[in-house]
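So that the names make sense, note that chain A is the first sequence line, chain B the second, and so on, each numbered from 1.
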2 protein chains.
Amino acid sequence: METTWGHQLRAVGLRVTRPRLSVLDVLSTHPHADADTVVTGARAQHPTLSPQTVYGVLEALVSVGLARRIEPAGSPALFELRVGDNHHHLVCRSCGAVADVDCAVGAAPCLSPSDTSGFVVDEAEVVFWGLCRGCQAEAAPESVQIDEHEIPGGASS
Amino acid sequence: METTWGHQLRAVGLRVTRPRLSVLDVLSTHPHADADTVVTGARAQHPTLSPQTVYGVLEALVSVGLARRIEPAGSPALFELRVGDNHHHLVCRSCGAVADVDCAVGAAPCLSPSDTSGFVVDEAEVVFWGLCRGCQAEAAPESVQIDEHEIPGGASS
DNA sequence: GTCCTTAAGTTGACTAGTTCAAAACAACGG
DNA sequence: CCGTTGTTTTGAACTAGTCAACTTAAGGAC
């Protein structure tokens, strides 16, 4: 079932290797994983995998557009396979959990700042900061129902 | 003229010290300075100042709301004194220069993501990525007039 | 199937940026 | 002027990530 990754890799001119397949597999099950989470996860299939290799794989995937790197303040870099669409992120201030958000107003509302100061803008990145459901419950335990649907997220190192 | 900083510090319950005044002074002239820039700049007034002290001062200023910390991907943390308004940033992909942008559409257009996944959002942070005027000139030297109004920025370590 | 080229993985040292902890110092209220 | 306590200093440590030399193996050619 993971041979799909092989095709994707070949399609962009990358060789199909075990570290790459493992990393892609981990990313598909951990949508916002940091490098350390990827290393740990990928070792299930490839126990001798080194962090440096994972950094190399992640960089390769990002450079060909198979993966995207995000760096919320205070977290290590996170990687996701959802690329090519215009989506943004919700980040929990407390636990670092990350969730995807489609750009609310369609095209790109914030994409046109009033005064660009001479910059040529090619991307508007939006990060919504707040508290995830689980951390809301911790913050106000008496009045909030605890809902067990939250994403643990990969950003707690 | 910098005694104003003294009042500001006292108003938020912080003691007035030389490192703090120096750091505030540097931040007022370098609107988006990283820690290293602050250390270097503040040493003009206080040559023995250590980086650790600057980190402490910056954290104190941020925690009382006199300064704000931003962390564009790929740059060390930057600090600015412009707080309390809803403004965003333009970041140059090439040189790391940072410029302020007022939120284009008034209140907060992106502040309401369509699906918050259970998060309670308290801030929408927008980063516009692009090329500053100077780096546009470097990228296409033949057809761009070089305009010497650009901000060097403090993000190139 | 085997060989060869070259991309990719491995190993290990190393850096930047930041944080932590204990001891010395100094702001400012009394 | 003195004492309390918040700040600074000093120095070490830590995390995330990078760099470079060497080894391995992917995949095209034969």
Side-chain angles (χ1 to χ4, degrees), chain A residues 3 5-24 32-40 42-43 45-64 66-67 69-79 96 154-157, chain B residues 3 5-24 32-40 42-43 45-64 66-67 69-79 96 154-157:
Chain A
T3 312
W5 296 131
H7 296 143
Q8 300 239 275
L9 288 170
R10 263 185 275 264
V12 294
L14 290 182
R15 289 185 183 171
V16 179
T17 67
R18 190 130 71 96
R20 285 175 179 171
L21 294 176
S22 306
V23 166
L24 284 165
H32 304 101
D34 60 23
D36 191 60
T37 300
V38 175
V39 171
T40 306
R43 279 184 175 153
Q45 298 166 50
H46 191 157
T48 62
L49 195 62
S50 70
Q52 289 77 354
T53 298
V54 170
Y55 279 113
V57 170
L58 290 171
E59 199 211 310
L61 295 178
V62 169
S63 72
V64 298
L66 281 182
R69 175 188 195 129
I70 60 172
E71 295 182 43
S75 292
L78 306 179
F79 297 86
S156 48
S157 53
Chain B
T3 312
W5 296 133
H7 297 142
Q8 301 238 276
L9 288 170
R10 262 184 275 265
V12 294
L14 290 180
R15 289 184 182 172
V16 180
T17 67
R18 189 130 72 95
R20 285 174 179 170
L21 293 174
S22 304
V23 167
L24 284 165
H32 304 100
D34 60 24
D36 192 60
T37 302
V38 175
V39 172
T40 307
R43 278 185 175 152
Q45 298 167 51
H46 190 156
T48 62
L49 195 61
S50 71
Q52 289 76 355
T53 298
V54 169
Y55 278 111
V57 170
L58 290 171
E59 199 212 311
L61 295 178
V62 169
S63 71
V64 299
L66 280 181
R69 175 189 194 128
I70 60 172
E71 296 182 43
S75 292
L78 306 178
F79 297 86
S156 49
S157 54

Specify the separation, in whole Å, of atom CG of D36(A) and atom P of dT18(D).
15 Å
Take the protein atom CD of Q52(A) and the nucleotide atom C1' of dT15(C), then report the distance between them rounded to whole Å.
14 Å
Side chain of A35(B) only, heavy atoms from C-beta on: which candidate in dT8(D), dT10(C), dT18(C) is closest?
dT18(C)
If only side-chain N and O atoms of S50(A) are considered, is one of them under 4.0 Å from the OP1 or OP2 phosphate oxygen of dT11(C)?
no
Under 4.0 angstrom, heavy atoms only, what part of the nucleic acid is A77(B) near: base, sugar-phosphate, or nothing?
sugar-phosphate
With the side chain of P76(B) defined as its heavy atoms from C-beta on, choose the nearest nucleotide among dG17(C), dG17(D), dT8(D).
dG17(C)
Distance, rounded to the nearest Å, where L49(B) contributes CG and dT7(D) contributes C1':
12 Å
For E71(A) and G74(B), work out which heavy atoms get closest and say how close.
OE1-N, 3.3 Å
Measure from CZ on R20(B) to C1' on dT9(D) and round the result to the nearest Å.
14 Å
I need the CD-P distance between E59(A) and dA16(D), as an integer number of Å.
19 Å
Any idea which heavy atoms bring V38(A) and A33(A) closest together, and the distance?
CG2-CB, 3.8 Å
Can you check the L9(B) CG to dT7(D) C1' distance for me, whole Å?
12 Å
Pairs under 3.5 angstrom only: tabulate donor-acceptor contacts from the side chains of residues 49-64 of chain B to other protein residues two or more places apart or in another chain.
| residue | atom | partner | partner atom | Å |
| --- | --- | --- | --- | --- |
| S50(B) | OG | T53(B) | N | 3.3 |
| S50(B) | OG | T53(B) | OG1 | 3.0 |
| S63(B) | OG | E59(B) | O | 3.4 |
| S63(B) | OG | A60(B) | O | 2.9 |

Side chain of R20(A), backbone of R15(A): donor and acceptor closer than 3.5 Å?
yes
Contact between L21(A) and L9(A) at the side-chain level, heavy atoms closer than 4.5 Å - yes or no?
yes
Over how many whole Å does the gap from L21(B) atom CG to dA27(C) atom P extend?
10 Å
Short side-chain N/O contact to dG17(D) OP1/OP2 from Y55(A), under 4.0 Å:
yes
Extract from the structure each pairing of a protein N or O with an N or O of nucleotides 23-29 of chain D at less than 3.5 Å, listing the distance.
| residue | atom | partner | partner atom | Å |
| --- | --- | --- | --- | --- |
| dA26(D) | N3 | R15(A) | NH1 | 3.3 |
| dG27(D) | OP1 | R10(A) | NH1 | 3.4 |
| dG27(D) | OP1 | V16(A) | N | 2.9 |

As an exercise, state the distance from OG1 of T37(A) to CG of L78(A), rounded to the nearest 0.5 Å.
8.5 Å
Just N and O in the side chain of H46(A): are any of them under 4.0 Å from OP1 or OP2 of dT10(C)?
yes
Write down the distance between CG (L58(A)) and C1' (dA8(C)), rounded to a whole number of angstrom.
14 Å
Heavy-atom closest pair, residues D34(B) and P76(B):
OD2-CG, 3.9 Å
